[in-house]
Participant: 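I have a structure I would like to understand better, so I am pasting it below and will then ask my questions one at a time.
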Amino acid sequence: MARALVTGSTSGLGLEFAWQLAGTGHDLVLVSRDEDRLRAVSEQIRDVHDVDVEVLAVDLSDRELLEKVAVRLTDPVDRVDLLVNNAGYGLRGGFLEVGIEDHEMQMDTLMKAVLVLSHAAARTMVQRRRGAILNVSSLAGYTTAGPYAASKSWVTVFTEALAMELKGTGVTATALLPGFVQTEFHERAAMTMDGLPRITWLKAPFVVEQALKDTAKGNVLSIPSVKYRTAGEFSRIAPRSMVRALTSPNWYHRMQQRAVLRSRRRASRRNLRAPWQREGE
């Protein structure tokens, strides 16, 4: 039976990856910082699916703890066939509003963990001439929306380079570049996304299903939905001055301002009357 290791597996896309992989008969190694939530998720999956579930309660920003996950990927007996580097989070505030220690911890999780775990997995998988690595990146990597976007740009380029290096070895590397997905990500970062049209959102089950299909095919880039593939290509070919103007770090504040203005316009068009008001007042 195949086995998958999923980081950030107790919420968002990581949790969806865990459930879908278990549903297709994969044994699991689930990695997360929250041990209580990790064990709860593992028990829920075991109750529904006949699969083996291991748990590793690890903060991936800690280099010593990260090494434990890397060592697990090199186990020659209980081997890992698919690595899903999913762990990640946003910070509350702009670059200058957040302490540098928080930025460093975020970069360790978003980039260093991907680097270390991909290295451990790829070297072991190449020896077996079989396996796959799926790194969760983002279309934000094509924008200029701050350090998070820059880290996702690195993940995409790194994965593309890794895929080329692995060509012909029987091992593949795929980068998932979703757009806005309905998960806990924005809530945890205290980002209210009310200004975004409903059509821009994707559902986590759809994103994960498409990502696993593209990984199985050996595709290097996985961008779910035509609208986001179009947006991605536009971002790649558009003049950088235009990209900076549209996606600079203050894009979120501009979006919130537009949401407030729309609400005010809608409210002004309504004929509102309080229950205690009389007719004609």
Side-chain angles (χ1 to χ4, degrees), residues 5-18 29-41 55-73 83-122 133-159 161-162 175-178 180-181 183-193 204 247-253:
L5 186 148
V6 184
T7 67
S9 53
T10 58
S11 64
L13 290 178
L15 181 59
E16 185 63 31
F17 272 115
V29 181
L30 302 182
V31 181
S32 174
R33 290 182 296 181
D34 190 333
E35 184 171 4
D36 291 339
R37 193 167 180 177
L38 192 60
R39 296 194 179 281
V41 168
V55 296
L56 291 175
V58 169
D59 182 347
L60 296 178
S61 67
D62 185 314
R63 186 62 181 84
E64 292 185 5
L65 296 178
L66 175 62
E67 187 62 23
K68 293 183 179 180
V69 185
V71 170
R72 178 61 186 87
L73 287 165
L83 165 64
V84 181
N85 276 313
N86 166 78
Y89 59 94
L91 295 176
R92 302 184 179 189
F95 177 63
L96 299 181
E97 298 170 342
V98 176
I100 192 62
E101 297 83 4
D102 292 330
H103 283 300
E104 289 177 318
M105 288 182 62
Q106 186 192 43
M107 294 299 104
D108 285 342
T109 301
L110 296 179
M111 293 191 292
K112 183 184 287 186
V114 172
L115 179 74
V116 171
L117 299 185
S118 294
H119 187 266
I133 297 170
L134 172 56
N135 294 328
V136 177
S137 185
S138 172
L139 283 175
Y142 291 155
T143 74
T144 59
Y148 178 84
S151 70
K152 291 305 183 181
S153 177
W154 181 89
V155 171
T156 300
V157 174
F158 166 73
T159 306
L162 179 60
L176 169 61
L177 284 71
F180 292 103
V181 184
T183 66
E184 300 175 11
F185 178 89
H186 299 97
E187 179 181 347
R188 289 185 170 188
M191 298 176 68
T192 303
M193 310 303 288
T247 65
S248 58
N250 63 351
W251 71 271
Y252 174 71
H253 300 293

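The figures here come from the full heavy-atom set of this structure, side chains too, leaving out hydrogens, waters and symmetry mates. This one's a predicted model, so the numbers in the text were calculated from it and none came from an experiment.
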Participant: Mind checking the CZ-CG spacing from Arg72 to Leu56? Nearest 0.5 Å is all I need.
Facilitator: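 Arg72 CZ to Leu56 CG: 7.5 Å, rounded to 0.5 Å.
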Participant: Specify the closest pair of heavy atoms between Ala140 and Ala149, including all atoms of both residues, with the distance to one decimal.
Facilitator: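 Taking Ala140 first and Ala149 second, the nearest heavy atoms are O-CB, 3.2 Å.
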Participant: Within the 4.5 Å heavy-atom criterion, are Thr159 and Ser137 side-chain neighbours or not?
Facilitator: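 No, too far: nothing below the 4.5 Å cut-off.
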Participant: Any chance you could measure Asn135, atom CG, to Asn85, atom CG, to the nearest 0.5 Å?
Facilitator: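 Reported value, rounded in 0.5 Å steps: 4.5 Å.
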Participant: Of all the heavy-atom pairs spanning Ser118 and Ile133, show the shortest one and how long it is.
Facilitator: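 Looking at all heavy atoms of both residues, the closest pair is O-CD1, 3.8 Å.
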Participant: Measuring from Leu134:CG to Phe17:CZ, what's the distance to the nearest 0.5 Å?
Facilitator: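 It is 4.5 Å, given to the nearest 0.5 Å.
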Participant: Got a list of side-chain donor-acceptor pairs under 3.5 Å for residues 100-107, not counting sequence neighbours?
Facilitator:
residue: His103; atom: NE2; partner: Phe95; partner atom: O; Å: 3.0
residue: Gln106; atom: NE2; partner: Tyr89; partner atom: O; Å: 2.8

Participant: Could you check whether any side-chain heavy atom of Leu66 comes within less than 4.5 Å of a side-chain heavy atom of Leu117, counting everything from C-beta outward?
Facilitator: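 Touching, per the 4.5 Å side-chain cut-off.
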Participant: Please assess Thr10 against Leu15 for the test side-chain contact (heavy atoms from CB on, under 4.5 Å), listing each intermediate value before the final yes or no.
Facilitator: CA-CA 5 Å; Thr10 58; Leu15 181 59; 5.7 Å; no
Participant: Please round to the nearest 0.5 Å and tell me the distance separating atom CG of Leu38 and atom OG of Ser9.
Facilitator: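 Between atom CG of Leu38 and atom OG of Ser9 there are 5.0 Å.
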Participant: Determine yes or no for a side-chain-to-main-chain donor-acceptor pair under 3.5 angstrom, with Thr156 supplying the side chain and Lys152 the backbone.
Facilitator: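 Yes, Thr156 side chain to Lys152 backbone: donor-acceptor pair under 3.5 Å.
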Participant: Could you tell me whether the side chain of Leu60 reaches within less than 4.5 Å of the side chain of Val69, counting heavy atoms only?
Facilitator: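 With C-beta onward as the side chain, the pair touches.
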Participant: Can you see which heavy atom on Ala87 is nearest to which on Gly8, and at what distance?
Facilitator: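 Closest approach of Ala87 to Gly8, heavy atoms only: CB-N, 3.7 Å.
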Participant: Can you measure from CG (Asp34) to CG (Asp59) and round to the nearest 0.5 angstrom?
Facilitator: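 Reported value, rounded in 0.5 Å steps: 11.5 Å.
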Participant: I need the minimum non-hydrogen distance between Ala120 and Ala70, along with the two atoms involved.
Facilitator: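 Looking at all heavy atoms of both residues, the closest pair is CB-O, 3.7 Å.
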Participant: Is there any side chain to side chain donor-acceptor pair (under 3.5 Å) pair reaching into residues 62-71, and which pairs are they, with sequence neighbours excluded?
Facilitator: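 The answer is Arg63-Glu67.
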Participant: Quick check: closest heavy atoms across Ala204 and Glu16, and the distance to 0.1 Å?
Facilitator: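 Closest pair (atom of Ala204, atom of Glu16, distance): O-CG, 3.8 Å.
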Participant: Rounded to the nearest 0.5 Å, what separates atom CG in Leu110 from atom CG in Leu115?
Facilitator: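 Result: 13.0 Å between the selected atoms.
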Participant: If every non-hydrogen atom of Asp108 is compared with every non-hydrogen atom of Ser61, which pair is closest and at what distance?
Facilitator: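 Smallest heavy-atom distance, with atoms named: OD2-O, 3.7 Å.
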